[in-house]
There are 4 protein chains.
Amino acid sequence: MKAITLHGVADVRVQEHADPRIQEPTDALVRITTSAICGSDLHYYHGRFPNVEPGIVLGHEFVGEVVEVGAEVRGFRPGDRVVAPFSISCGRCEACKERLPAQCQTTNRAVFGGRFGRQYPGAQASFIRVPFADFMFERVPAGMPDEQAIFLGDILATGYFCAENGGIRPGDQVAVVGCGPVGLLAIQSAQLFGPARVFAVDRVEYRLALAEAFGAVPVDASRADPVAAIRAETGGRGVPVAMECVGHASALETALGLVKAGGTVSVVGVYAEAAFPFPISQAFFGDLTFKIGICNARNYITRLLPLVQAGRLAPTRIVSHVMGLAEGPRGYRIFDRKEERAIKVLLKP
Amino acid sequence: MKAITLHGVADVRVQEHADPRIQEPTDALVRITTSAICGSDLHYYHGRFPNVEPGIVLGHEFVGEVVEVGAEVRGFRPGDRVVAPFSISCGRCEACKERLPAQCQTTNRAVFGGRFGRQYPGAQASFIRVPFADFMFERVPAGMPDEQAIFLGDILATGYFCAENGGIRPGDQVAVVGCGPVGLLAIQSAQLFGPARVFAVDRVEYRLALAEAFGAVPVDASRADPVAAIRAETGGRGVPVAMECVGHASALETALGLVKAGGTVSVVGVYAEAAFPFPISQAFFGDLTFKIGICNARNYITRLLPLVQAGRLAPTRIVSHVMGLAEGPRGYRIFDRKEERAIKVLLKP
Amino acid sequence: MKAITLHGVADVRVQEHADPRIQEPTDALVRITTSAICGSDLHYYHGRFPNVEPGIVLGHEFVGEVVEVGAEVRGFRPGDRVVAPFSISCGRCEACKERLPAQCQTTNRAVFGGRFGRQYPGAQASFIRVPFADFMFERVPAGMPDEQAIFLGDILATGYFCAENGGIRPGDQVAVVGCGPVGLLAIQSAQLFGPARVFAVDRVEYRLALAEAFGAVPVDASRADPVAAIRAETGGRGVPVAMECVGHASALETALGLVKAGGTVSVVGVYAEAAFPFPISQAFFGDLTFKIGICNARNYITRLLPLVQAGRLAPTRIVSHVMGLAEGPRGYRIFDRKEERAIKVLLKP
Amino acid sequence: MKAITLHGVADVRVQEHADPRIQEPTDALVRITTSAICGSDLHYYHGRFPNVEPGIVLGHEFVGEVVEVGAEVRGFRPGDRVVAPFSISCGRCEACKERLPAQCQTTNRAVFGGRFGRQYPGAQASFIRVPFADFMFERVPAGMPDEQAIFLGDILATGYFCAENGGIRPGDQVAVVGCGPVGLLAIQSAQLFGPARVFAVDRVEYRLALAEAFGAVPVDASRADPVAAIRAETGGRGVPVAMECVGHASALETALGLVKAGGTVSVVGVYAEAAFPFPISQAFFGDLTFKIGICNARNYITRLLPLVQAGRLAPTRIVSHVMGLAEGPRGYRIFDRKEERAIKVLLKP
């Protein structure tokens, strides 16, 4: 089959790769109909997760059709359209039972297209092997396009998780730092919790424009200090909930600067750095809740699906490009460089 | 001053009444600019709370301007525009400190225009005396019309309380039984919690139409059994959250019939009856949470105000009639009989 | 095998019964080492659940040793000591995924030794077939006696669920109505939430004595009105949390009479009656949360096990009688009549 | 009057100081009967909060008798025995209404015996002026000794806040890092939430012994790595709740090392340092909740009082020394150096 593989920094190629096959009776094979390029793929692209083996198939967001199931798969069969979370979980270990599937002890926190635990080939390909299919899969409702379902397995769940962790209560003012794909879906998710206002911070005009279209008040950090700007809008006190959707120290500083005493900073940006200089005394005197984590996406897919169906979440609005798998390297490049007003790039095998 | 007073069943009159005056150093006097007729006023109108003395000034929803304050009132002064809750609370007793101001021990749960604890004259008048002004008042923001602020003190807070008690989580399906003024604002409030769908049950076409305008799916109980209709829409399982905004046994039966196993029925309808035949065995096997209560409106005013300012709550949309105080008896009549497409009637002194 | 079977009102017999056998690949067979008689068995005994077929094997509390597993059982094997919940759940349906296993759609809410959904033979026998073994079983830690583990599957989980539903916060005063087996374990469970005081209401002296040994303040309802007595102890206001562990209208009236404005009544008593005259107006003006339900015991077993191991829950203290299966009819009789200071009767096959 | 005053690093003196007097109509004067030396006083003692003026009266924990009240104080009068929180709050500003009295905007977060906002004289003296007496005071129940009440205003509330922020659920394993006065009361408080086990980490033998007497499992960090030791006791996974009660980077590292994926680190140690090197990538992949803050002690006094009365909290057990005010300098020395098995030192004027 064709697949997008990684060979070095900024070196992704479209190559022939062996087709996956059923290895365990709980596996299923999926013919991918849509995959996507994620911000966390850029960490691999830039060599920030150097433990992966060269030639790894990238990608962990996909929708597809089941083509074969192992002997013990009961809930799904060939022909079913499915979506799955980015992290691979057994559904039976202690961590999974505690509703922390991203911490699965059986797979040792594995992800598609990455190497936590052992390395699993990814989804930017024609086919993918999905372990523990009964636990992993969610059926895509008939008539729902791939584009509406695909983000349930990662960035929509992650954006929602960020909002949920923020503990937004109706009437709150909220700030979302970062208007990339996750940030934009975090804004949509924050709106589900009834905030009075959502401030959206970024430096990229076309992304801010989309944030505004999602009901946020855009704050262009290239023009003014966002901490000062948002404090000025909130009587000097800051916001009770600040959401960090970038994964960069400067964004986290902004979020910590924005938050009101007694408030919460919720972080879903992926940090490759080991340490961050945390303002501990300020946090102490300001009574801070700080939540940071990798999303247990499996927990959210079922809950968010009806919100997509009802149109209360509109994830397709962030799709800026749809291209063939063969164009994947260009997809990586424009997404990385924010060229061509890229926000989210989908790949069609 | 002029005031609307009650003299018997369905006998409300516009009469001259002595002006109120400051009695305690924590009192304030308010010149009323807008008051309203509430569904609970109809209980008095129909003689269902017979303990009130004839001639009582009715009404407990108002916005007005402070004209005089007692010696110990610190936060407000003549000229301030204010709104206040329907129940009268000291802010200092054990119950008030526990954030249950509607259970105030100092006033013995008094309300304006009613007689719990002792009788207090109401707000369908030119002036009103407000005890414990520092605790009771919320400043109305400059530029906000009376019509936007008035419901914060009762029916908007009550509708929100109903939704909050329902414990709605994003993606839930919700049913609101009753599309009177409280039910309609309960629908608006429910939308703040990110439901996938809100079903609105009533028998009055023009009220259902407004519910639909607020994003709800209308269910006309005059045409079909709402329990069957909503169960059919929810895979037979019912909704996780049913909200009862009528105060009548049949509405409560509907709500209990609609709710899914493990779900919540939240009731804000005012019950004058002593007992209701509760389906206890069904509730046991269905794992029910049942919440019922008089709204601690003071707790919600500050929180809801920015949502009104932001337009996320649009309480003025339920105002069907605005009339002079002198027309109050007609206001009562059309509201009671649902004539002239009445929903909410405001009175201007 | 030998089994206790029901043949009519108060007619339980020890009879020969066909051994169970594996029927589905997800089944397991268990050789029972200890079973128990439960208060809900008395509903069958008194003919209040008349839908069961004559000759049903009673009982739903057990500990035993796995003797055979179906082809798809992965987590358990012969020789494992296990405990299981009283209700039979697949772990895979929508309700189970929502963490409502007692509402399992696959089994239609079945229980051992009863007939919700279809009838399943019970545990007062030498062997039992357990469906969905991987989901149902919890391993009993090495060295833990049967007596410590057995109640995890029903009455300890139920008592805990009652306390949890009460929403007890540290410093609260709590009342538990009923000091039978569930009530006594509800008292132990309530103590886990840091109450300042727990009042225990019953009419049976030896049960009140045990409640007192568990740290409760005994209130003998045969000597004084418990509502008046507890209100006198709480400044007239009542308790924020009242727990009902009987399943009788008079107990529920007591619980509703005890609760403070803004408080919670949590009910786990099993109601066979269809309706209860609920004091709806009092509940409205008192701002009540009422929670009632059948315990989703599977959710609690893993969490409570370490508390039993640590000695913070001491369920064996309620065991008053241990007897052979052959003596089961006597066990039923003394438990039903509260003879011989019976509290909880264990049966050894 | 006599008072303990600060003049430089480790230079505290007992001196004559002008008696306080009523300055505002909401003030009260208290004759102190017991005060205490707090760990946060040692920050001043070591010059880590250098903004205080020389000669400041130290101390913020006290019980005493009201001797005079301002004209607007309504709830208290001379002769009342009272306790108050360490931070000074008006009860009326936006922050106070949001239940964040330690963030009071009127006083600008002032504390007794310190200089946040403006400087207020402290409680290690014969008399103290207490602003906003109606909001600040809690009546000490008749018959309760000073020693039982004094810690409600600071370290008992703080220890409880630490446990509450941890979100302990019954059956959890918990680690408390630091067995000083706050840590020991945090252990007592943690026990209110039903943990299966509480691990207590310190290096001081006599403090660990007291932790063990409070039901904790002592872990002597001077003998073994506490992270390794506690992970070994918890199947390698760590604890869901780690509480940091020291205020030192190494203690925080320990707490972060102890916590399980998906868990919470709750910090009440006072940090004078600006920054801490936070393990951001580890936190991200481990799904961390991090809560840190100054305790809003006023919120807890009323709730914790009945727990002290009931003996469920036994704060007097940490009192190691009671001495006259004149011996204060020795009290500071032995507390600072952990000499004479000092834990908590009380001062009697």
Side-chain angles (χ1 to χ4, degrees), chain A residues 40 43 48-49 87 93-95 98-105 109 111 116 161 165 167 235-237 240 244 247-249 252-253 256 260-296, chain D residues 40 43 48-49 87 93-95 98-105 109 111 116 161 165 167 235-237 240 244 247-249 252-253 256 260-296:
Chain A
S40 58
H43 281 305
R48 286 194 290 261
F49 290 141
S87 68
C93 70
E94 209 182 330
E98 291 171 3
R99 299 182 70 79
L100 296 168
Q103 305 293 335
C104 179
Q105 297 162 294
R109 312 196 295 179
V111 297
F116 297 87
F161 170 67
N165 265 353
R237 296 188 71 204
E244 199 281 276
H248 193 278
L252 183 47
E253 279 161 23
L256 287 162
K260 180 180 178 172
T264 297
V265 171
S266 172
V267 179
V268 293
V270 179
Y271 282 82
E273 301 83 354
F276 169 79
F278 197 88
I280 192 88
S281 181
Q282 167 196 322
F284 174 79
F285 288 108
D287 200 0
L288 178 73
T289 297
F290 180 73
K291 295 182 82 106
I292 177 167
I294 185 167
C295 178
N296 291 293
Chain D
S40 56
H43 280 306
R48 286 194 291 260
F49 290 141
S87 67
C93 69
E94 207 182 331
E98 291 172 2
R99 297 181 71 78
L100 296 167
Q103 306 293 336
C104 179
Q105 297 162 294
R109 310 196 298 179
V111 297
F116 298 87
F161 171 68
N165 264 354
R237 297 186 70 203
E244 200 280 276
H248 192 279
L252 182 47
E253 280 161 24
L256 288 162
K260 180 179 177 172
T264 297
V265 170
S266 171
V267 178
V268 292
V270 179
Y271 282 80
E273 301 83 354
F276 169 80
F278 198 89
I280 193 87
S281 181
Q282 167 197 319
F284 175 78
F285 287 108
D287 199 1
L288 179 72
T289 297
F290 180 73
K291 295 182 82 103
I292 178 167
I294 187 168
C295 178
N296 291 293

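The analysis underlying the following values was restricted to heavy atoms, covering all of them including side chains, and did not include hydrogens, waters or symmetry mates. Numbers restart at 1 for each chain; the letters A, B, ... are given by sequence-line order, proteins then strands.
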* Asked: With only heavy atoms counted, which part of D:Ala102 is less than 4.5 Å from chain A, the side chain, the backbone, both or neither?
  -> neither
* Asked: With only heavy atoms counted, which part of D:Leu288 is less than 4.5 Å from chain A, the side chain, the backbone, both or neither?
  -> both
* To do: Look at the side chain of D:Ser281 and the backbone N and O of A:Tyr271, then say whether any donor-acceptor pair between them is shorter than 3.5 Å.
  => yes
* Indicate yes or no: at least one non-hydrogen side-chain atom of A:Asn165 is less than 4.5 angstrom from one of D:Thr289. => no
* **A:Glu94 backbone acceptor or donor facing D:Arg237 side chain under 3.5 Å** => no
* Roughly how far apart are A:Phe278 CZ and D:Phe278 CZ, rounded to 0.5 Å? -> 5.5 Å
* Would you call the rings of D:Phe285 and A:Phe116 parallel, tilted or perpendicular if under 30° counts as parallel and over 60° as perpendicular? -> tilted
* Do other residues, nucleotides or ligands put more than 12 heavy atoms under 6.0 Å from D:His43 NE2? -> yes
* Part of D:Ala274 within contact of chain A (heavy atom distance under 4.5 Å) -> backbone
* Asked: Does the side chain of A:Gln103 reach to within under 4.5 Å of the side chain of D:Asp287, using non-hydrogen atoms?
  -> yes
* Structure fact -> Looking only at A:Arg109, A:Glu273, A:Gln282, A:Glu98, most heavy-atom pairs under 4.5 Å shared with chain D are made by A:Glu98
* Asked: Is there a side-chain contact between D:Val267 and A:Phe284 (heavy atoms, below 4.5 Å)?
  -> no
* **Contact class of A:Ala249 relative to chain D, heavy atoms under 4.5 angstrom** => neither
* Between D:Val265 and chain A, which part of the residue has a heavy atom less than 4.5 Å away: side chain, backbone, both or neither? -> neither
